[in-house]
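In what follows, every heavy atom counts, from backbone to side chain, and hydrogens, waters and symmetry copies are set aside.
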Amino acid sequence: MLCFRGRDELRVYGCVVVIERHDTDILILGSGGAGLFAALHARQVNPDLDITLAVKGLLGKCGCTRMVQGGYNVALSPGDSVERHFMDTIIGGKWLPHQEIAWKLCETAVTRVRELENEVGCFFDRHSDGSLHHKAFAGQTFDRTVHKGDLTGIEIISRLMEQVLATPVHKLEEHRAIALLPNVSGDAMAGVLLIDMRSGEFRVVRAKAVLLATGGGPTMYRYHTPSGDKSMDGLAMALRIGLALRDMEMVQFHPTGLLGGDDTRMTGTVLEEGLRGAGGHLLDGDGRRFMFEYAEQGERATRDIVSRAIYDQMRSGNTTPNGGVYIAMSHLGPDSVRERFSGMVKRCADSGFDLATGRVEVVPTAHYFMGGVVCDPDTRTELHGLYVAGEDAGGAHGSNRLGGNGVANSTVYGGIAGDVMAAEIDVAAPHQAVDEARIEMEVTQALAPFTKPAGNLNSIREQLLEVMWDQVGITRTEDGLRQGLTALAELRTRLLDCGLADDNRVFNLSWHDWLNLNNLIEVSTAITHAALSRENSRGAHYREDYPEEGALETSYFTVARQLSQQLDVQREAVEFTIVRPGESLLGPDGAPRETP
């Protein structure tokens with residue numbers, strides 16, 4: 001059992017609130033690829049550590065890694081190289097990635113994918129000669145995406161879960177983190193405040209190291225791929241304690257989200273990148289192929305370009321019955337499509353489409369968040385004792401993530417975080433004293449909706465979806481962004497006045513919907529401020545009033561930070577520590593250049 005220290009009582013809104021107290025050495029928030037790898041690696045470094053995993057849902061059954069379809073980018077094939085993977089990542093990110101972080105991602109992916117197979121137990125698709133099969137993904141100059149059919153994430157998470165369940169790692173399932181807790185002086189992490197969703201009670205877990213790996217989840221857009229429980233919790237908590245967040249304007253839209261109409265929750269779910277990589281065609285409402293009007297790579301252009309092209313078709317009105325465009329695969333042979341993309345064929349059939357022989361309606365869908373907490377290549381943040389990995393971390397992808405780099409990023413940096421945390425914490429040192437005033441403030445804020453008259457949370461959520469899609473979406477303007485900020489401020493006021501009908505905290509999903517919306521509005525506001533600050537167009541961020549990308553040599557990234565009640569956004573120059581614009585690590589033949 002987790003080390004139990006006792007119970008305290010707070011008086012909030014005239015009622016007594018019980019706070020359970022626990023201690024652990026390492027607390028990991030999140031159980032996706034980053035969190036599970038961190039737990040395994042920390043135990044490998046020091047088996048005597050007390051490690052705790054806290055997850056909002058059920059271990060191995062929630063989060064975004066499990067939903068990965070496409071695959072895992074790694075340079076293993078003859079002719080490919082870490083240098084080539086790195087250059088694709090930098091160019092795909094429009095020269096905004098943190099180059100040391102991107103290099104370590106590409107370099108360590110080679111080790112990590114072998115670890116997944118040989119130690120974790122994953123089975124990836126292979127050629128008849130036994131070598132790993134690599135499929136084509138858009139935006140890359142080499143086929144390097146390792147996969148398990150089109151359900152790669154389930155394979156990775158299932159095997160990781162089995163490994164973690166075989167260890168004495170403590171599991172706090174259905175526990176949502178609501179606040180990062182610094183020490184009294186504010187210069188180091190001391191612990192985390194959580195809600196046990198099953199009982200509605202609060203828990204404070206002190207830890208000598210905390211890993212923020214809750215995942216992203218831009219579910220504030222009309223069309224989105226993550227499940228509804230994803231609500232940017234990690235970034236919202238980081239904002240509230242004043243941490244620096246970079247690239248907050250960079251929201252990736254996957255070009256091909258299933259569009260089944262308003263009456264199905266399948267709308268917005270991903271039809272994977274491999275469909276376009278394999279040669280799928282995008283067609284407008286008249287059945288005309290249009291992508292070569294926007295990019296010489298056609299459908300295999302990067303996600304930002306394809307999403308904008310589809311959105312342009314949508315605005316022109318030349319659309320499908322549900323307002324999107326079509327993806328067609330039948331020209332590749334129905335039997336081949338069924339064999340190579342069985343999961344996608346079944347998903348489309350569930351919504352009344354036949355991917356193998358017909359056309360499927362698609363729409364760009366909010367998929368991934370390139371922004372995140374500022375950290376170094378060893379996952380350390382500016383707050384001592386707080387580490388970050390996966391989609392909560394900024395820097396690896398710049399302004400656009402390559403398909404297949406997401407799950408690679410989570411597993412690579414989850415493992416690194418586990419190694420670093422286990423090596424750096426002092427087991428013999430006492431736990432830091434938690435700032436008790438912050439605990440009281442956070443509990444009071446979390447319980448605020450129980451003191452208000454019951455309201456309509458769904459109407460607030462619906463308006464948030466519309467505001468972000470229309471004003472802060474695939475294309476942006478200054479007027480639209482300012483309208484978005486005004487609307488977000490109004491939504492926040494409405495939410496703070498909106499109460500709950502049921503005052504029982506036991507598995508009160510309306511309460512957690514309220515907390516989700518609060519986080520989404522806070523992060524949406526940061527996205528909008530950062531988008532207003534960036535007066536050019538890079539990758540996923542496109543300003544119709546500033547359509548030029550600007551000089552690559554003077555590239556900058558945005559840094560947002562909550563200062564008291566004011567959100568501050570600054571610009572910091574990109575450091576070209578490995579390669580500069582106009583240069584390459586590759587020779588004319590695509591092979592790595594020899595270092596002098």
- Ring-face cation of Arg246 near Phe557 (centre distance under 6.0 Å, axis angle within 45°): yes
- Taking the six-membered ring of Tyr387 (Phe, Tyr or Trp), confirm whether the NZ or CZ of Arg380 is under 6.0 Å from its centre and within 45° of its axis. no
- Task: Run the numbers on Gln483 and Thr528 for side-chain contact (heavy atoms from CB on, under 4.5 Å), then give the verdict.
- Result: CA-CA 10 Å; Gln483 291 173 27; Thr528 310; over 6 Å; no
- Task: Would you confirm whether Thr89, through its side chain, and Ala102, through its main-chain N or O, come within 3.5 Å as a donor-acceptor pair?
- Result: no
- Test Met237 against Leu212 for side-chain contact (heavy atoms from CB on, under 4.5 Å), laying out the working first. CA-CA 10 Å; Met237 291 188 293; Leu212 189 64; 4.0 Å; yes
- Please walk me through it: do Tyr72 and Val412 pass side-chain contact (heavy atoms from CB on, under 4.5 Å)? CA-CA 11 Å; Tyr72 190 115; Val412 162; 4.0 Å; yes
- Which of Leu567, Leu243, Leu245, Thr525 passes side chain to side chain contact (heavy atoms under 4.5 Å, CB included) with Gln562? Answer is Leu567
- Message: Name the residue from Trp511, Tyr13, Trp514 that meets the ring-ring contact (aromatic ring centres under 6.0 Å, His included) definition with Phe450.
- Response: Trp511
- Query: Counting only N and O atoms by type, is there a donor-acceptor contact under 3.5 Å from the side chain of Arg476 to the main-chain atoms of Leu532?
  - Reply: no
- Could you tell me whether the side chains of Thr24 and Asp50 share a donor-acceptor contact shorter than 3.5 Å? yes
- Task: Would you check, one step at a time, whether the test side-chain hydrogen bond (donor to acceptor under 3.5 Å, both in side chains) holds for Asn508 with Asn504?
- Result: CA-CA 7 Å; Asn508 188 328; Asn504 188 340; over 6 Å; no
- Query: Is there a side-chain contact between Val559 and Arg571 (heavy atoms, below 4.5 Å)?
  - Reply: no
- Query: Hey, are the side chains of Leu96 and Ile90 touching, using non-hydrogen atoms and a 4.5 Å cut-off?
  - Reply: no
- Does some side-chain heavy atom of Ile241 sit less than 4.5 Å from a side-chain heavy atom of Arg438? yes
- Salt bridge present between Arg482 and Glu478 (N-O < 4.0 angstrom): yes
- Is NZ or CZ of Arg112 both nearer than 6.0 Å to the six-membered ring centre of Phe37 and within 45° of the ring axis? yes
- Task: Establish, yes or no, whether the cationic atom of Arg505 lies under 6.0 Å from the six-membered ring centre of Phe202 and within 45° of the ring axis.
- Result: no
- Item | Partner of Leu491 under side chain to side chain contact (heavy atoms under 4.5 Å, CB included), chosen from Ile460, Thr486, Leu496 | Ile460
- Query: Is the Tyr221 to Trp469 ring centre distance short of 6.0 Å?
  - Reply: no
- Message: Using side-chain heavy atoms (C-beta onward) and a distance below 4.5 Å, is Arg222 in contact with Glu466?
- Response: yes
- Message: Side chains of Ile51 and Arg43, heavy atoms from C-beta outward: is any pair under 4.5 Å?
- Response: yes
- Query: Do Leu211 and Leu386 have side-chain heavy atoms sitting under 4.5 Å apart?
  - Reply: no
- Task: Answer whether the closest heavy-atom distance between the side chains of Leu457 and Cys498 falls below 4.5 Å.
- Result: yes
- Would you say the side chain of His397 lies within less than 4.5 Å of the side chain of Tyr368, judging by non-hydrogen atoms? yes
- Task: Assess whether side-chain contact (heavy atoms from CB on, under 4.5 Å) is satisfied between Met421 and His41, documenting all intermediate values.
- Result: CA-CA 9 Å; Met421 289 189 296; His41 273 241; over 6 Å; no
- Query: Does the distance from a Lys or Arg side-chain N to an Asp or Glu carboxylate O, for Asp513 and Arg461, drop under 4.0 Å?
  - Reply: no
- Ion pair check, Arg561 and Asp568, cut-off under 4.0 Å: no
- Salt bridge check: are Asp196 and Arg176 linked by an N-O gap of less than 4.0 Å? no
- Message: Between Arg240 and Glu522, does any side-chain N to carboxylate O distance fall below 4.0 Å?
- Response: yes
- Check ring-ring contact (aromatic ring centres under 6.0 Å, His included) between His98 and all other residues, then give those that pass, not counting sequence neighbours. none
